[in-house]
Amino acid sequence: MGRKPATLKDVAALANVSRATAARALNNYGYVGDETAQRVQAAAEKLGYRGNRLAQALRNGQLPIVGCILGDIQNPFFARIAHDIEVVARQSGYNLVIGSSEEELDQEMSLLASLQALSIRGFIVAPTSADNNAHLQGLIADNIPLVLIDRVAKGIECDSVVVDNEGGAHKAVRYLIGMGHRRIGLLQDDMRIFTSRERMSGYRAALAAGNISLDERLVAVSQSTVEHAVDATIRLFSQKTPPTALFTVDSLMTQGALLAFRSMGISIPHHVSLIGFDDFNLATFTDPQITVVSQPVSEIGRAAAQLLFDRLSGKSHPLRKIRFETKLIIRGSVSHCSAG
């Protein structure tokens, strides 16, 4: 049996100091007298103590690590983005630490604070709030490279990668109007989220362009999960006069709507037409296949990662704000509506 690895307690005992003092001496924080620090270092070397070298390297910014805080990592959109960022990070000689805010501002702030304590070199963040962003402003003030992805935040001047959310939603609703629909439902996320605001704006603008008044009874707010979207869709279509068409603002909500329609015996596109924002694998496996607003998800993560690593390599070009276009992919989930 080999000897047990030396612990901080062992080092402190040999150097005749407290564990707190030993920790300060080994990790270079707080005040420790020169003689005491030398005694602790000598004890650590004699015992072969290595326990805090990783933590020390992290704290001193000596390891090539970047952080990425996204929304719900269970969402296929964010899962793909995380994968693509990790690929570019690895190619650039960096490691990636990924956190999921689960669309909770407090969790986003806590994750960011924890990663900052490790002196991580730069961040890619999909902010949960378009307005509450003091924690992001702190990164800018500390000159820590930051790239916002999928969403932007008010007053935060940094590189960013988004898509034309408003334009994509406008295309979808305009197409439904062109197919004769006038009672067009909207299944959306919390309005504090930038993408939800933008997609709602596109929905409103398309209705206005079609001389259709906004009916708040046709708008349902749901958390971005399949389960919550099922409940919201059932509420929306249990009205006396339900929508003839539905626009959902992300792929999880689209899947929730599909399950709700099945449970209610509502047939697509005979009873209701459906368009979802963001393509997803099952969209082409359903019968009929689902019409979607497609965003170039395979490019978004890579573009954000490249912006971050350009900054980390010392490039000082002006801020870059990339905005990708969306594409309406017409499949079989929309039919003509004569009733409107």
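Only a predicted model underlies this, so the values are computations on that prediction, with no experimental measurement involved.
- Within the 4.5 Å cutoff, side-chain heavy atoms of Asn75 are placed close to those of Ser224.
- At a threshold of 4.5 Å between non-hydrogen side-chain atoms, the residues Thr326 and Lys171 count as touching.
- Heavy atoms only, all atoms of each residue included: Ile234 and Ser263 are closest at CD1-OG, 4.1 Å.
- Residues Phe277 and Thr254 fail the side-chain proximity criterion, which asks for heavy atoms closer than 4.5 Å.
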Run the side chain to side chain donor-acceptor pair (under 3.5 Å) check on Ser101 and Gln107 step by step: do they pass?
CA-CA 5 Å; Ser101 69; Gln107 185 157 316; over 6 Å; no
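- By the neighbour-count criterion of 12 heavy atoms within 6.0 Å, atom CD of Gln239 is densely surrounded, having more than that number from other residues, nucleotides or ligands.
- Taking all atoms of both residues into account, the shortest heavy-atom contact from Thr248 to Gly276 is OG1-CA, 3.2 Å.
- Tracing side-chain contacts under 4.5 Å through hydrophobic residues (I, L, V, M, F, W, Y), one never reaches Met191 starting from Ile193; they form parts of separate clusters.
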Solution key, residues 199-206 side-chain donor-acceptor pairs under 3.5 Å, sequence neighbours excluded:
unit_1 : atom_1 : unit_2 : atom_2 : d
Arg199 : NE     : Asn165 : OD1    : 2.8
Arg199 : NH1    : Val249 : O      : 2.5
Arg199 : NH2    : Asn165 : OD1    : 2.6
Ser201 : OG     : Arg197 : O      : 3.0
Tyr203 : OH     : Ile184 : O      : 2.6

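- At distances below 3.5 Å, not a single donor-acceptor pair connects side-chain atoms of Glu102 with backbone N or O atoms of Asp72.
- Between Thr244 atom OG1 and Leu218 atom CG the span is 9.0 Å, to the nearest 0.5 Å.
- No hydrogens or angles considered: nothing links the side chains of His228 and Ser222 as a donor-acceptor pair under 3.5 Å.
- Gln306 and Asp310 are linked by a side-chain donor-acceptor pair at a separation below 3.5 angstrom, with hydrogens and angles left out of the test.
- Formation of a donor-acceptor pair under 3.5 Å by the Ser114 side chain with backbone atoms of Ser110 is found in this model.
- Ile268 and Ile275 fall within the same hydrophobic cluster, defined by Ile, Leu, Val, Met, Phe, Trp and Tyr side-chain heavy atoms under 4.5 Å apart, directly or through other members.
- Between the side chain of Ser273 and the main chain of Ser335, a donor-acceptor pair closer than 3.5 Å is present.
- Taking the side chain as every heavy atom from C-beta outward, Gln295 and Phe324 never approach each other to under 4.5 Å.
- Between Arg182 and Gly210, the shortest heavy-atom contact is NH1-O, 3.7 Å.
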Does Asp84 form a salt bridge (charged side-chain N to carboxylate O under 4.0 Å, His left out) with Arg80? I'd like the steps, not just the answer.
CA-CA 6 Å; Asp84 291 343; Arg80 175 60 190 271; 2.9 Å; yes
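- Side chains of Thr286 and Leu258 form a contact here, defined as non-hydrogen atoms less than 4.5 Å apart.
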Going through the distances and angles, do Val66 and Phe123 end up as a side-chain contact (heavy atoms from CB on, under 4.5 Å)?
CA-CA 6 Å; Val66 293; Phe123 291 90; over 6 Å; no
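- Of all non-hydrogen atoms in Ala232 and Val221, the two that sit nearest each other are CB-O, 4.4 Å.
- Val226 and Leu274 fall within the same hydrophobic cluster, defined by Ile, Leu, Val, Met, Phe, Trp and Tyr side-chain heavy atoms under 4.5 Å apart, directly or through other members.
- Across every non-hydrogen atom of Leu96 and Ala89, the tightest pair is CB-CB, 4.5 Å.
- Here the NE2 atom belonging to His170 is positioned 7.5 Å from the CD1 atom belonging to Ile177, to the nearest 0.5 angstrom.
- By the 4.0 Å N-to-carboxylate-O rule, Arg39 lies too far from Glu45 to be salt-bridged with it.
- Using modelled atom types, no side-chain atom of Arg121 and backbone atom of Pro145 make a donor-acceptor pair closer than 3.5 Å.
- Under the 4.5 Å side-chain heavy-atom criterion for grouping Ile, Leu, Val, Met, Phe, Trp and Tyr, Leu115 is connected to Leu112 within one hydrophobic cluster.
- Side-chain contact between Ile120 and Ile144: absent, with no pair of heavy atoms (C-beta onward) separated by less than 4.5 Å.
- Asn16 CG: 12 or fewer foreign heavy atoms inside a 6.0 Å radius.
- When only modelled atom types and interatomic distance are considered, Thr7 and Asp10 share a side-chain donor-acceptor pair under 3.5 Å.
- Separation of atoms CG (Leu111) and CD1 (Ile98) is listed at 12.0 Å; rounding is to 0.5 Å.
- The closest side-chain heavy-atom distance from Val162 to Ile322 is not below 4.5 Å.
- When side chains are defined from C-beta on, Thr195 does not count as touching Asp250, because their heavy atoms never get closer than 4.5 Å.
- One finds the CD1 atom of Ile266 at 8.5 Å from the NE2 atom of His271 (value rounded to the nearest 0.5 Å).
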Working note: Asp190 + Glu103, criterion side-chain contact (heavy atoms from CB on, under 4.5 Å); need CA distance, chi angles, decisive distance, verdict.
CA-CA 9 Å; Asp190 193 315; Glu103 305 298 4; over 6 Å; no
Stepwise, does the side-chain contact (heavy atoms from CB on, under 4.5 Å) test hold for Met179 with Tyr175?
CA-CA 6 Å; Met179 295 292 279; Tyr175 177 66; 4.0 Å; yes
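- Between the side chain of Lys327 and the main chain of Val292, no donor-acceptor pair closer than 3.5 Å is present.
- Under a 3.5 Å cut-off, the side chain of Asn133 and the backbone N or O of Lys154 do form a donor-acceptor pair.
- Atom NE2 of His317 sits in a crowded spot, with more than 12 heavy atoms from other residues, nucleotides or ligands closer than 6.0 Å.
- With Ser92 contributing its side chain and Val88 its backbone, the two residues share a donor-acceptor pair below 3.5 Å.
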Worked check of side-chain contact (heavy atoms from CB on, under 4.5 Å) between Leu70 and Ile81
CA-CA 9 Å; Leu70 301 173; Ile81 282 179; 4.2 Å; yes
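- Checked against the 6.0 Å centroid threshold, Phe237 and Phe261 count as a close aromatic pair.
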Salt bridge (charged side-chain N to carboxylate O under 4.0 Å, His left out) assessment of Arg320 paired with Asp159:
CA-CA 5 Å; Arg320 289 187 287 183; Asp159 296 322; 5.0 Å; no
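- With hydrogens and angles disregarded, no donor-acceptor distance shorter than 3.5 Å links the side chain of Ser333 to the backbone of Pro288.
- Note that CD1 of Ile290 is 13.0 Å distant from CZ of Phe285, once rounded to the nearest 0.5 Å.
- Open room surrounds CG on Asp34; 12 or fewer heavy atoms of other groups in view lie less than 6.0 Å from it.
- Cluster membership for Leu207 and Leu186, using ILVMFWY side-chain heavy atoms within less than 4.5 angstrom, is shared.
- Of the inter-residue distances, the one linking Leu14 atom CG with Lys46 atom NZ reads 5.5 Å to the nearest 0.5 angstrom.
- At least one donor-acceptor pair under 3.5 Å links the side chain of Thr291 to the backbone N or O of Arg331.
- Minimum interatomic distance between Lys240 and Pro242 (heavy atoms only, all atoms of both residues): O-CD, 3.5 Å.
- Ring-plane geometry between Tyr94 and Phe309 is classed as tilted, the angle between the planes lying from 30 to 60 degrees on a 0 to 90 degree scale.
- Judged by distance alone, the side chain of Arg19 and the main-chain N or O of Lys9 form no donor-acceptor pair under 3.5 Å.
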